[in-house]
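Note that the structure is a prediction, hence the values are computed from the model and not measured.
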Amino acid sequence: DHTKVEIYNETLGGSQYASVGAAVQVNNISKDTQAYIKEAAVLNSKGNVVINAESSEDLFNNATQADGAQYAAVGASVIVNDLELVTKAFTDTGVQINVQNYSDSDTTNDGGNITITAHHLLDNDNVAVGVAGSQYVNVGAGVDVTTVSSHVNAYLGDGNIVKGKGDLNVVANEELGTEDAHMIST
């Protein structure tokens with residue numbers, strides 16, 4: 001599951017005496033990405049079993065406001081990101097996994113691994129610019145606020161039975177990257 005958001009909110013204001021302007025951008029993103037084996041399922045496999053949930057967000061926000069007037073100017077930009085993110089890979093309650101990919105000698109593992117992985121990647125870049133120009137009074141402001149609630153889980157459910165000779169790997173991984181730039185000019 002991949003989400004890409006690219007927003008450019010660029011505005012310009014001006015008047016003879018006074019000018020006030022704002023560029024406001026609000027992003028609310030809520031995602032629930034899951035890969036799972038349902039409750040009480042029986043899975044018979046002759047090879048590897050992989051349960052993999054992957055989710056990513058690539059956000060680029062640019063809010064720019066420029067204002068100009070002879071006597072007074074105010075230019076402000078605001079970016080608000082509210083992210084609620086869930087990424088889960090799991091087996092539900094009472095699941096049975098039987099992996100039978102091994103040699104007849106019953107001693108050599110020829111595969112039959114069970115892998116449960118949840119991976120989340122967030123790349124968030126924000127640029128907030130406020131520009132004001134006048135002869136006497138100038139106010140410029142650039143603000144960005146990002147809140148992230150992220151849950152990344154990988155697990156075996158209660159009462160699971162796992163049979164096999166391969167490896168059991170359960171991994172949850174998260175990578176968060178944020179870059180912010182605020183430019184104010186008066």
Side-chain angles (χ1 to χ4, degrees), residues 1-36 38 50-92 115-155 157 169-186:
D1 179 15
H2 179 69
T3 301
K4 182 169 184 164
V5 176
E6 196 168 311
I7 298 175
Y8 296 88
N9 182 1
E10 299 168 339
T11 58
L12 177 64
S15 79
Q16 184 176 358
Y17 299 106
S19 177
V20 176
V24 178
Q25 179 171 323
V26 178
N27 301 309
N28 291 306
I29 297 175
S30 179
K31 291 174 54 176
D32 188 350
T33 304
Q34 298 184 13
Y36 62 95
K38 71 177 189 167
V50 177
I51 303 166
N52 183 34
E54 291 193 22
S55 181
S56 65
E57 297 79 35
D58 184 4
L59 309 176
F60 178 79
N61 300 292
N62 180 344
T64 302
Q65 176 67 39
D67 282 277
Q70 184 176 356
Y71 297 108
V74 177
S77 65
V78 178
I79 298 171
V80 177
N81 294 308
D82 183 25
L83 310 173
E84 300 281 333
L85 311 167
V86 175
T87 308
K88 292 196 308 189
F90 63 98
T91 59
D92 212 338
T115 303
I116 301 171
T117 59
H119 181 253
H120 176 247
L121 170 64
L122 171 63
D123 183 14
N124 181 34
D125 299 316
N126 298 312
V127 178
V129 180
V131 178
S134 77
Q135 196 171 7
Y136 298 106
V137 178
N138 300 298
V139 178
V143 176
D144 80 82
V145 177
T146 298
T147 59
V148 179
S149 173
S150 180
H151 304 277
V152 181
N153 301 30
Y155 59 90
N169 302 296
V170 181
V171 178
N173 182 18
E174 181 165 48
E175 299 174 53
L176 300 176
T178 299
E179 291 186 28
D180 299 312
H182 306 96
M183 293 178 232
I184 301 163
S185 177
T186 58

Going by side-chain hydrogen bond (donor to acceptor under 3.5 Å, both in side chains), name the residues that satisfy it together with S30, two or more places apart in sequence or in a different chain.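 Expected list: none.
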
[X] to [Y] - nearest heavy-atom pair and separation:
X   : Y   : result
N27 : N81 : ND2-OD1, 2.8 Å
A73 : A69 : CB-N, 4.2 Å
T87 : S55 : OG1-CB, 3.4 Å

Applying ring-ring contact (aromatic ring centres under 6.0 Å, His included) as the test, list every pair that has at least one member in residues 117-153; sequence neighbours left out.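 Only Y71-Y136 qualify under ring-ring contact (aromatic ring centres under 6.0 Å, His included).
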
Donor-acceptor pair between S150 and E174 side chains, under 3.5 angstrom: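 Looking only at side-chain atoms, E174 and S150 do form a donor-acceptor pair, the distance falling under 3.5 Å.
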
Short side-chain donor-acceptor distance under 3.5 Å, T3 and K31: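 T3 and K31 do have a side-chain donor-acceptor pair below 3.5 Å.
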
Run the side-chain hydrogen bond (donor to acceptor under 3.5 Å, both in side chains) test on S134 and Q70 for me, step by step, so that the C-alpha distance in whole Å, both residues' side-chain angles and the decisive distance to 0.1 Å come before the verdict. CA-CA 5 Å; S134 77; Q70 184 176 356; over 6 Å; no

Considering the options L176, D58, V5, T146, which one meets the side-chain contact (heavy atoms from CB on, under 4.5 Å) requirement together with N124?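 For N124, the side-chain contact (heavy atoms from CB on, under 4.5 Å) check succeeds only for T146.
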
Any idea how F90 and Y155 line up, ring-wise: parallel (<30°), tilted (30 to 60°), or perpendicular (>60°)?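 Ring orientation of F90 relative to Y155: parallel.
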
Electrostatic pair E57-K4, nearest N-O below 4.0 angstrom: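 Salt bridge absent between E57 and K4.
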
Flag, side chain of S77 to backbone of T64, donor-acceptor distance under 3.5 Å: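 Answer holds: no.
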
Keeping the roles fixed (side chain from D144, backbone from A128), state whether a donor-acceptor pair exists under 3.5 Å.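 It does not hold such a pair.
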
A quick test of your reading: do over 12 heavy atoms of other residues, nucleotides or ligands sit less than 6.0 Å from CZ of F60?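 Atom CZ in F60 is packed in, count exceeds 12.
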
